[in-house]
Undergrad: 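So that we are looking at the same thing, I have put the structure below in structure tokens.
Every chain is numbered from 1, with letters handed out A, B, ... down the list of sequences.
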Amino acid sequence: MNAPILWIVLPLGLSAGLFLMNRWRRVAGGIGSAFALLLAAAAWLLPVGKPIQLGIVSFEVQPAWIVFGRRFLLENSDRPFVIVLNLAIAFWFMGSLSLQSRSLLIPLGMAISAMLIAAVMVQPFYYGIFLLFFAAMLSVILFVSERGEVHLGIKRYWIYQSLAMPLLLLAGWYLSGTEANPGEIPGASLIYTLLLVGLALLLSSFPFHNWLPAVAQVVSPYAFSFAVFATFLSFSLFTVAFLRQYTWLSSSAWILLFFSFQGFLLTSIGGIGAIYHRHLGRWMGYALIKEIGLGFLTIGLGLALPDPTSFLAILFMHIFPRGIALALWGLACNLYLEHGESLKIQNLVGVGRRYPIATAAVFLSFLTLVGFPLTAAFPIHLLIWQAWFQNFPPLAFAAIFGSVGVLIGGLRAMAVLVRSDHTKDQGSLESPSQIILLAIGSVLLLLMGIFPSWFLPVLYNLGMTFFKGS
Amino acid sequence: MAAAILGTAMANVSYNLRANPSPSIPLASSTPVPISAVVFRLATAMLIGIFLISGAPLLMSVFNGVRLPQSLAILGLCGFGLLILGFRSSTFSISIGLITFLNAFEILLAVIEPSVMLNGVIAGVVLSIAFVGAYGLTLEGERNRL
């Protein structure tokens with residue numbers, strides 16, 4: 001058995017099969033989520049490169065697979081990434097079972113996750129940029145299929161990702177040439193230029209962040225939340241692993257300044273935008289800009305510390321609270337849309353009376369995304385705020401401002417959602433399956449918030465394992 | 001191949017339009033362009049020309065092995081690709097702009113990294129852009145037809 005075949009080729013093959021059976025939406029969703037859970041369990045239980053004894057059968061999962069001279073290498077340190085990504089897609093696929101609308105989320109989601117895993121595994125490492133590009137193109141297809149046209153926001157995303165790829169590839173190629181002699185780097189300014197512009201495009205940092213609210217406004221919230229969560233998680237982990245291959249680069253003042261300054265800008269822009277939003281989708285777009293900014297602040301400070309691994313592991317701690325909050329928001333907003341509601345603020349009056357569980361889930365996801373006390377993301381936000389207060393307080397203020405802005409925007413939306421509207425029927429429109437799924441997600445978020453010591457150390461250890469190996 | 005994919009999508013969209021006398025979809029720009037816009041575009045094209053002449057020696061000094069004709073082609077394709085992306089917003093134009101931009105990198109990488117695998121993957125990248133463009137065009141055509 002071969003690890004790359006198990007976690008890349010099999011999901012890719014299955015995604016083709018799921019595409020063919022996508023007309024039977026529930027069957028495809030069931031198979032997709034079961035397979036993703038199986039892959040996550042395999043990554044959890046099967047050590048790579050060691051003999052495994054199952055009764056009388058003994059086998060070994062080989063870590064490497066060579067294709068045209070390039071190697072896909074999955075080591076034990078990569079298993080945490082495979083576990084969390086497969087758990088995330090299983091969670092999203094299960095949620096999609098309760099939705100009525102037809103979507104390409106299941107087949108494309110499976111293919112996207114396989115591409116993202118392959119991007120982290122491939123060697124030489126800069127070949128991963130191609131795979132990230134293909135994952136981004138699959139996200140574009142997902143957005144276009146949801147919208148039925150190539151909206152301007154989708155075009156921006158398409159262009160930014162397409163321009164990022166050659167710049168990063170060139171930077172990676174140049175870096176691979178200087179690897180042997182890091183003391184004398186004649187083209188350092190060229191490397192910085194290519195790398196920083198490429199990273200700004202890839203990670204949707206300022207000024208390339210504007211597609212997020214635009215796309216969030218027009219595509220299905222559930223598909224949007226999945227694509228953005230999976231791609232940005234992988235993009236940021238890939239970026240950190242890429243930079244840490246070159247010690248002089250990861251500790252460079254330019255790189256640290258880039259992440260810190262972009263973190264400052266993105267958290268501020270996200271906060272301001274969320275305050276003035278008039279659309280629940282745009283609010284999520286701005287909340288995601290703030291989340292990307294927070295990720296930048298984590299990476300910026302993590303790379304500056306003498307022992308970056310322990311701080312960068314926070315990126316892993318953030319995965320489940322953020323993922324569950326995004327999935328709940330997406331599911332609830334999709335329910336509103338399926339029943340003919342609009343996500344414009346002025347059209348949301350009284351929606352909370354007709355979808356009480358969905359609205360409660362939306363409220364909980366608001367609070368989690370801003371790091372409100374007693375929610376799952378609060379300890380993580382607190383860690384980042386405290387660390388920046390000790391190093392450079394203005395950036396900590398920016399991060400708090402971003403959270404406050406997103407909270408104000410969320411509370412504005414909630415005030416409209418729960419207002420009574422006597423012109424419409426007040427009965428609940430949620431189906432039992434939707435209530436169960438929303439309740440499971442909400443309870444998970446609440447449990448993670450009330451008992452953080454049950455979940456966060458596990459995630460932290462997964463992050464430590466990943467970053468120690470990268 | 002990329003041109004064939006986009007061309008087939010365009011042909012299908014046009015066929016749909018012929019079958020249904022609905023208003024045409026803006027595949028390129030359907031609105032008349034004012035004189036000032038033409039002058040502005042020509043001025044930008046001239047700027048790219050200046051950038052091409054001044055940047056070619058720099059590119060040759062940064063990347064060993066790149067000759068003047070290649071350097072001019074790389075910068076020209078990059079510049080005009082960005083020009084198309086900056087001035088046109090239709091799906092077809094964006095596909096063409098991105099493919100133009102990526103062709104510049106294809107030339108550069110063919111010179112500095114003579115790897116068949118790398119060139120093959122870049123060809124795959126160009127095809128994927130053409131495919132996304134064709135998918136978008138087809139959906140827009142269908143939407144317009146309805």
Undergrad: Return the CG to CE distance between L98(B) and M165(A), rounded to the nearest 0.5 Å.
TA: 9.5 Å
Undergrad: For E140(B) and V150(A), work out which heavy atoms get closest and say how close.
TA: OE2-N, 3.2 Å
Undergrad: Count the heavy atoms of every other residue, nucleotide or ligand shown that sit under 6.0 Å from CG of L20(A), and state whether that count exceeds 12.
TA: yes
Undergrad: Out of curiosity, S128(B) OG to F130(A) CZ, how far, rounded to the nearest 0.5 Å?
TA: 10.5 Å
Undergrad: How about F19(A): does its CZ atom have over 12 heavy atoms from other parts shown lying under 6.0 Å from it?
TA: no
Undergrad: Just so I understand: if I count every heavy-atom pair under 4.5 Å between each of L118(B), V116(B), L109(B) and chain A, which residue has the most?
TA: L118(B)
Undergrad: Counting C-beta onward and ignoring hydrogens, is there a side-chain heavy-atom pair between L82(B) and L163(A) closer than 4.5 Å?
TA: yes
Undergrad: Could you tell me whether the side chain of V140(A) reaches within less than 4.5 Å of the side chain of Y135(B), counting heavy atoms only?
TA: no
Undergrad: Considering only heavy atoms from C-beta outward, does the side chain of L167(A) approach that of F105(B) to under 4.5 Å?
TA: yes
Undergrad: For F134(A) versus G124(B), what's the shortest heavy-atom pair and its separation?
TA: CE2-O, 4.0 Å
Undergrad: What residues of residues 152-159 of chain A sit under 4.5 Å from chain B when you count only heavy atoms?
TA: L152(A), K155(A), W158(A), I159(A)
Undergrad: Does CZ in F87(B) sit with more than 12 non-hydrogen atoms of other residues, nucleotides or ligands closer than 6.0 Å?
TA: yes
Undergrad: Indicate the ring-plane relationship of F63(B) and Y174(A), choosing parallel, tilted or perpendicular according to the 30° and 60° boundaries.
TA: perpendicular
Undergrad: Hey, does M117(B) have a side-chain heavy atom less than 4.5 Å from the side chain of Y127(A)?
TA: yes
Undergrad: So which residue, L102(B), L108(B), I112(B), V62(B), ends up with the most heavy-atom pairs under 4.5 Å with chain A?
TA: I112(B)
Undergrad: Sort S61(B) into side chain, backbone, both or neither according to what part of it lies under 4.5 angstrom from a heavy atom of chain A.
TA: neither
Undergrad: For S162(A), which of L85(B), I129(B), I94(B), V125(B) qualifies under side chain to side chain contact (heavy atoms under 4.5 Å, CB included)?
TA: I129(B)
Undergrad: Chain B heavy atoms under 4.5 Å from Y126(A): which part of the residue, side chain, backbone, both or neither?
TA: side chain
